[in-house]
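Chain naming here is simple, since letters A, B, ... match the order of the sequence lines and numbering starts at 1 in each.
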2 protein chains.
Amino acid sequence: MTLQPALPEHTFQALGDPTRRAIVERLSQGPASVSELAAPFEMALPSFLQHLKVLEGRGLIRTVKNGRVRRCEIIPEPFDAATRWLEDQRTLWSARLDRLDAYLTTLKDGDAS
Amino acid sequence: MTLQPALPEHTFQALGDPTRRAIVERLSQGPASVSELAAPFEMALPSFLQHLKVLEGRGLIRTVKNGRVRRCEIIPEPFDAATRWLEDQRTLWSARLDRLDAYLTTLKDGDAS
DNA sequence: TTAATACTTAGGTCAATACCTAAGTATTGC
DNA sequence: GCAATACTTAGGTATTGACCTAAGTATTAA
């Protein structure tokens, strides 16, 4: 119900828990009901449901109730946004390391000549 | 001190906090001392240091003390591992959505409501 | 129409997290 | 040497997070 703007921060926080990460891994393979998702876990159902609510609250999954069954599925966008953030950081530091490398090479060439 | 094997889970958890995410963004542009990193934050220094310890404990940054100054820098690998995990999930569901799309097209052709 | 199923709500505990202040230690500049 | 600098340690509080049990509600199957 509460779809957040999907800040990478929220995505990361949601994925920082082993249970929720496992739920996402399961849902990556396709939608599932609450009880299907809960089955592999020892945890009591209400505890498990909290994790689903976190995922939904952060906008990582969408759920729809049909009859007495609630079906859950992944929302791809926030994952893409998180990936982009990680890649942006990577770009920053590899650019920097490249410059450092170039600089060191210059130094070395200067010595050699 | 404690360099973890950098499970994506730990990386995500560390990045789930706004302060730590900002620290990483700063460090992506190059190494910095503790006080340089802390300057933009209102937070008391000991509180800030805790965040640095989380990042170091999760293996996302490396710190070396030289004299009275501690210099901090990014460790790229865990970020790559986290990116890879996100991309793996994406691969799973895009393959599936492609298949679903094809299937729905077929169904619609055969469906007379 | 009753019983089973599939959640859902309402509480309550316990540990971890995010902050704080106050008082250290170790280096360095004057 | 002595003061300023750059952390560091040692506490303490308050909120959030991850779990639990017990008792609902709504839907479906028999």
Tell me the interatomic distance from A:Leu52, atom CG, to D:dG17, atom P, rounded to whole angstroms. 16 Å
Atom pairs under 3.5 Å: protein N/O with N/O of nucleotides 7-14 of chain D:
| unit_1 | atom_1 | unit_2 | atom_2 | d |
| --- | --- | --- | --- | --- |
| D:dC7 | OP1 | B:Arg70 | N | 2.7 |
| D:dC7 | OP2 | B:Ser35 | N | 2.9 |
| D:dC7 | OP2 | B:Ser35 | OG | 2.3 |
| D:dC7 | O3' | B:Lys65 | NZ | 3.2 |
| D:dT8 | OP1 | B:Lys65 | NZ | 3.0 |
| D:dT8 | OP1 | B:Arg70 | NE | 3.1 |
| D:dT8 | OP1 | B:Arg70 | NH2 | 2.8 |
| D:dT8 | OP2 | B:Arg70 | NE | 3.1 |

Whole-Å gap separating C1' (C:dA16) and CZ (B:Arg58): 11 Å
Please compare A:Asn66 and A:Ser47 by the position of their nearest nucleotide in DNA chain D and report the one closer to 5'. A:Ser47
Tell me the interatomic distance from B:Phe41, atom CZ, to C:dC19, atom P, rounded to whole angstroms. 10 Å
With sequence neighbours excluded, tell me which residues meet side chain to side chain contact (heavy atoms under 4.5 Å, CB included) with B:Gln13. B:Arg58
Tell me which donor-acceptor pairs under 3.5 Å the side chains of residues 27-39 of chain B have, and how far apart each pair is, sequence neighbours excluded?
| unit_1 | atom_1 | unit_2 | atom_2 | d |
| --- | --- | --- | --- | --- |
| B:Ser28 | OG | A:Gln89 | NE2 | 2.9 |
| B:Ser28 | OG | B:Val24 | O | 3.0 |
| B:Ser33 | OG | B:Glu36 | N | 3.2 |
| B:Glu36 | OE1 | B:Ser33 | N | 3.0 |

Separation of D:dG17 atom C1' from A:Leu15 atom CG, nearest Å, is 16 Å
Rounded to whole Å, NE2 of A:His10 lies from C1' of D:dG17 at a distance of 15 Å
Given atom CE of B:Met43 and atom P of C:dA18, what is their separation to the nearest angstrom? 9 Å
Rounding to a whole Å, what distance do you find between A:Asp17:CG and D:dC19:C1'? 11 Å
For B:Glu77, the side chain to side chain contact (heavy atoms under 4.5 Å, CB included) test, sequence neighbours excluded, returns B:Ile75
Taking only side-chain nitrogens and oxygens of B:His51, does any of them come within less than 4.0 Å of OP1 or OP2 of C:dT17? no
Rounded to whole Å, CD of A:Gln13 lies from C1' of C:dA18 at a distance of 12 Å
Excluding sequence neighbours, so at least two apart, what forms side chain to side chain contact (heavy atoms under 4.5 Å, CB included) with B:Gln50? none
Identify the two heavy atoms, one from A:Asp17 and one from A:Thr19, that lie closest to each other, and give their separation to 0.1 Å. OD2-N, 2.9 Å
Sort and list the pairs that fulfil ring-ring contact (aromatic ring centres under 6.0 Å, His included) and have at least one residue in residues 61-81 of chain A, not counting sequence neighbours. A:Phe79-B:Trp93
